[in-house]
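Remarks on the structure that follows.
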There are 2 protein chains.
Amino acid sequence: MNEPSTLAPVGVVGLGLMGSSIVAALLVAGHPVRAIAPIAPEAGEAPERIAGQLRQCHDAGLIVSTEPYLDALSISQDYGMLAGCVLVIECVIEKPEIKSAVYAKITAAVEAECIIGSNTSAIPISELQKFVDNPARFLGIHWAEPAFMTRFLEITCGEQTDPLFADSVFEMANRWGKEPTLLKKDIRGFITNRLMYAVYREIFHQIESGQATREDVDKAFRYDAGSWMTLMGIFRRMDYVGLKDFETMLTRIFPQLSSSAEVPAVMQQMVREGARGVHNDRGLFSYEPGEGRQWDEAFARFNHEIHRLAAEYSAEKVKAYLQ
Amino acid sequence: MNEPSTLAPVGVVGLGLMGSSIVAALLVAGHPVRAIAPIAPEAGEAPERIAGQLRQCHDAGLIVSTEPYLDALSISQDYGMLAGCVLVIECVIEKPEIKSAVYAKITAAVEAECIIGSNTSAIPISELQKFVDNPARFLGIHWAEPAFMTRFLEITCGEQTDPLFADSVFEMANRWGKEPTLLKKDIRGFITNRLMYAVYREIFHQIESGQATREDVDKAFRYDAGSWMTLMGIFRRMDYVGLKDFETMLTRIFPQLSSSAEVPAVMQQMVREGARGVHNDRGLFSYEPGEGRQWDEAFARFNHEIHRLAAEYSAEKVKAYLQ
């Protein structure tokens with residue numbers, strides 16, 4: 001992507017799965033990374049995991065060799081190391097009291113203009129912001145797994161965020177090879193999440209009323225929606241279908257859609273039964289023991305391929321064929 | 001796929017874009033195809049278009065040569081040619097009175113047990129069924145464009161459809177290399193369409209309330225949802241994310257989602273202005289003159305690649321790595 005260590009230093013706090021993945025993404029983008037591992041076991045596992053992720057980047061042709069990027073990484077439990085960072089990204093667990101303590105340590109170490117971002121997908125930025133000294137510099141920086149392979153990145157402002165800081169992260173994200181989105185209002189649930197909730201509400205309604213099976217929905221999404229999603233997104237798909245009949249269709253179908261506020265019975269049951277999906281091989285689909293891990297590996301490989309396809313078929317390239 | 005002309009003859013009525021594409025799919029699957037072109041200009045254009053589609057199948061490695069498949073195609077304006085077909089698929093325009101007249105001609109030509117399917121995506125099967133002699137054999141067979149490349153196929157029963165006929169089409173579709181879904185109830189709007197309407201309702205709401213821009217949504221879907229859709233579908237994605245926090249999230253977010261029955265203002269305006277998306281280079285996104293056609297070509301190529309990826313990462317193959 002970029003030469004190693006050519007950009008300003010960036011900090012990452014929290015080296016779980018997501019944190020490590022973000023570290024790898026930032027290294028590949030050309031930042032020296034100062035990583036804080038507040039949890040001792042994570043500090044032990046992280047170097048090997050990040051080295052493996054850099055090898056994946058190498059295999060995908062993103063970098064020519066892993067060593068100089070790995071050399072740009074320092075891992076410590078000492079927050080003092082964050083001094084001089086232009087940006088610090090927090091990826092610790094989704095508990096406000098823990099995040100609050102982490103922000104106190106970050107702000108004690110960094111300069112007043114250092115941007116602080118949270119990878120949270122559960123807690124409103126406006127709430128977390130209250131824990132941060134000089135809250136105007138605090139915002140959400142929400143990555144998709146694996147961070148070093150996916151192009152998605154969602155930047156969310158809280159009520160007190162100065163938009164200039166958000167614009168600055170937006171520009172950085174472009175340099176990281178992302179396709180960042182910038183949410184200027186702090187709505188709970190981020191764009192994709194929110195839209196997926198609209199899908200969940202409707203799909204569980206269809207299944208509970210016997211109109212479709214789980215397998216039907218799976219096929220419809222994988223082979224129909226999936227066939228154009230990465231190329232067209234939502235609105236270009238509407239343009240592609242032709243906008244002519246949409247008004248009639250929306251008028252007819254909107255009133256028929258589920259507007260339920262109830263958690264679907266099947267989800268309630270799954271939770272009661274302790275199902276954790278591929279993480280314990282018990283979920284909405286059935287899994288053989290160990291199959292969950294296969295999905296992890298398949299996703300890493302698949303993501304690499306879909307990432308390549310998405311870049312190859314960008315709107316700019318489709319348009320460029322015109323010339 | 002299969003050797004040419006090894007299966008029973010199938011009829012197709014209507015040789016517009018979709019009809020031609022379905023003809024190509026059936027030829028490649030190994031059926032002799034008897035195609036009725038009720039509209040003279042379509043009869044003229046169709047042979048060349050279908051030959052081009054077969055060349056695409058050849059380039060994609062689906063067939064070894066185009067000629068024997070093309071030889072299995074007869075095109076005529078004479079419905080009498082449909083005698084002996086095991087299945088006839090209607091793909092004429094979405095006007096009940098025209099479809100009704102077409103069904104009268106089809107049923108006059110075919111045997112009583114010949115299955116008749118409609119590719120409609122706008123008119124309920126239960127309504128169309130009323131026009132058909134021996135309505136138990138009538139059902140919806142809904143393809144995705146381009147039919148010869150996509151794996152999606154949605155079979156829909158009307159109120160009077162005998163499920164045995166639906167099962168029979170389901171089995172045929174598997175032989176065609178599809179991943180068919182079978183909707184036993186005739187709900188208006190098909191699975192993907194219905195879910196997409198749930199997405200549209202929410203997304204226009206977000207945009208109208210200034211929470212996101214069209215470009216943000218585009219990126220979120222292309223780079224986030226698009227990155228896992230073809231691999232995981234909806235429910236396996238939930239399993240992958242882990243089901244743990246879903247109950248809390250759904251409880252919180254469902255009541256916040258749009259439940260509007262109103263057509264979004266921007267859609268009303270587009271329709272008033274005669275925007276037809278990529279078909280006249282005026283839509284929700286802006287297009288240069290001729291750019292719409294580029295999207296058509298890009299989609300044909302993209303679809304070919306995503307089709308390959310979907311097959312390579314089927315649930316069976318992911319599981320097979322376990323052994």
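Remember, it's a predicted structure, so these values are computed and weren't measured experimentally.
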Under 4.5 Å, counting heavy-atom pairs only, tell me which of [options] racks up the most with chain A.
options	result
B:G210, B:P180, B:S259	B:S259
B:A310, B:G233, B:P264	B:G233
B:M232, B:M270, B:E215	B:M232
B:V271, B:N280, B:T150	B:V271
B:I234, B:L250, B:V217	B:I234
B:I203, B:V263, B:D224	B:D224

So how far is it from [X] [atom1] to [Y] [atom2], rounded to the nearest 0.5 Å?
X	Y	atom1	atom2	value
A:T251	B:M267	OG1	CE	9.5 Å
B:M229	A:M196	CE	CE	5.0 Å
A:K319	B:E288	NZ	CD	4.5 Å
A:R282	B:D239	CZ	CG	11.5 Å

Among [options], which has the most heavy-atom pairs under 4.5 Å with chain B?
options	result
A:R276, A:H279, A:R236	A:R236
A:R237, A:E262, A:E202	A:E202
A:I306, A:D218, A:V199, A:V278	A:V278

Item to complete: Please answer whether the main-chain N or O of A:S227 pairs with a side-chain N or O of B:R151 as donor and acceptor at a distance below 3.5 Å.
Response: no
Which atoms of [X] are under 4.5 Å from chain B, going by heavy atoms: the side chain, the backbone, both sets, or neither?
X	result
A:S209	backbone
A:I207	side chain
A:A298	both
A:E312	side chain

Item to complete: Determine whether more than 12 heavy atoms belonging to other residues, nucleotides or ligands lie under 6.0 Å from atom CD of A:E159.
Response: no
Item to complete: Please say whether more than 12 non-hydrogen atoms of neighbouring residues, nucleotides or ligands are located less than 6.0 Å from CD in B:E208.
Response: yes
Item to complete: Using a strict 4.0 Å threshold on nitrogen-to-oxygen distance, state whether B:R222 and A:E179 make a salt bridge.
Response: no
Discussion item. Any carboxylate oxygen within less than 4.0 angstrom of a Lys/Arg side-chain nitrogen, looking at B:E305 and A:R308?
Written reply: yes
Heavy-atom pair with the smallest gap, counting every atom of [X] and [Y]:
X	Y	value
A:A275	B:L243	O-CB, 3.7 Å
A:A212	B:L183	CB-CD2, 4.1 Å
A:L182	B:D216	O-OD2, 3.0 Å

Item to complete: Could you look at B:S258 and say if it's the side chain, the backbone, both or neither that has a heavy atom under 4.5 Å from chain A?
Response: backbone
Worksheet, complete the sentence: So, the part of B:R293 with a heavy atom under 4.5 Å from chain A: the answer is neither
Item to complete: Answer yes if the ring centres of B:Y200 and A:F235 are under 6.0 angstrom apart, and no otherwise.
Response: no
Discussion item. Check for me whether the distance between the ring centres of B:F285 and A:Y240 falls short of 6.0 Å.
Written reply: no
Fill in: Worked check of side-chain contact (heavy atoms from CB on, under 4.5 Å) between B:L231 and A:W295
CA-CA 9 Å; B:L231 179 66; A:W295 281 98; 4.0 Å; yes
Any heavy-atom pair between the side chains of [Y] and [X] that's under 4.5 Å?
X	Y	answer
A:F221	B:T230	no
A:L284	B:M238	yes
A:V318	B:Q294	yes

Worksheet entry | side-chain contact (heavy atoms from CB on, under 4.5 Å) between B:T213 and A:T181, worked out | CA-CA 9 Å; B:T213 68; A:T181 54; over 6 Å; no
Worksheet item: Pick from B:L257, B:I253, B:L195: which one makes a side chain to side chain contact (heavy atoms under 4.5 Å, CB included) with A:R201?
Response: B:L257
